[in-house]
Amino acid sequence: MSAIYKIVLTVIVAGFALFAGYRLFRYFNEKIQDSARGRDILAYAVLFFLVCAGLFFGSFTALALVYQFLRDS
């Protein structure tokens, strides 16, 4: 496989993770700002943390799998 294809595939996976993180931030930031009670703010903040942690580990796993796929080909 050409080196260009390897770079492009890695950039696409990383770009998707960055875009998803940006959209999640915008969504949860709006929810937190619109919350009236402290309990809602805390719930959205914890949920945001958990979703971002899942996105981080999921994107890290996806990048590792892409690297393994590209190394073998």
Side-chain angles (χ1 to χ4, degrees):
M1 183 178 269
S2 173
I4 299 295
Y5 293 136
K6 293 178 181 182
I7 292 170
V8 167
L9 186 58
T10 304
V11 168
I12 287 172
V13 171
F16 175 75
L18 288 172
F19 178 73
Y22 173 72
R23 296 293 296 173
L24 285 170
F25 171 75
R26 298 262 325 248
Y27 175 77
F28 280 107
N29 189 35
E30 182 180 317
K31 289 289 191 181
I32 289 170
Q33 287 180 353
D34 291 343
S35 296
R37 296 181 292 186
R39 182 176 46 182
D40 293 339
I41 294 172
L42 181 64
Y44 282 124
V46 169
L47 186 60
F48 177 57
F49 176 76
L50 293 174
V51 169
C52 282
L55 178 65
F56 173 76
F57 289 115
S59 61
F60 180 76
T61 303
L63 284 173
L65 290 173
V66 165
Y67 175 76
Q68 181 182 11
F69 170 74
L70 295 177
R71 188 184 62 182
D72 293 340
S73 57

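- Linking ILVMFWY residues whenever their side-chain heavy atoms come closer than 4.5 Å, directly or via other members, places Leu47 and Leu24 in the same cluster.
- Residue pairs satisfying the salt bridge (charged side-chain N to carboxylate O under 4.0 Å, His left out) criterion with at least one member in residues 23-32, sequence neighbours excluded, are absent.
- Taking all atoms of both residues into account, the shortest heavy-atom contact from Leu63 to Ala14 is CD2-N, 4.2 Å.
- Hydrophobic clustering keeps Leu18 apart from Phe25 (ILVMFWY residues linked when any side-chain heavy atoms are closer than 4.5 Å, directly or through intermediates).
- With sequence neighbours excluded, the residues forming a ring-ring contact (aromatic ring centres under 6.0 Å, His included) with Phe48 are Phe28, listed by chain and number.
- With sequence neighbours left out, Val46 forms a side-chain contact (heavy atoms from CB on, under 4.5 Å) with Leu42, Leu50.
- Counting only residues at least two apart or in different chains, salt bridge (charged side-chain N to carboxylate O under 4.0 Å, His left out) contacts with residues 33-46 comprise Arg37-Asp40.
- A continuous path of Ile, Leu, Val, Met, Phe, Trp and Tyr side chains, each step under 4.5 Å between heavy atoms, connects Phe69 with Val66, placing both in one hydrophobic cluster.
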Distance-only criterion, 3.5 Å: show the donor-acceptor pairs between side-chain atoms of residues 53-61 and protein atoms not counting sequence neighbours.
from, atom 1, to, atom 2, distance (Å)
Ser59, OG, Leu55, O, 2.9
Ser59, OG, Phe56, O, 3.0
Thr61, OG1, Phe57, O, 2.8

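- With sequence neighbours excluded, the residues forming a side-chain contact (heavy atoms from CB on, under 4.5 Å) with Ile12 are Val8, listed by chain and number.
- Criterion: ILVMFWY side-chain heavy atoms under 4.5 Å apart, direct or through other members. Under it, Tyr44 and Tyr27 are part of a common hydrophobic cluster.
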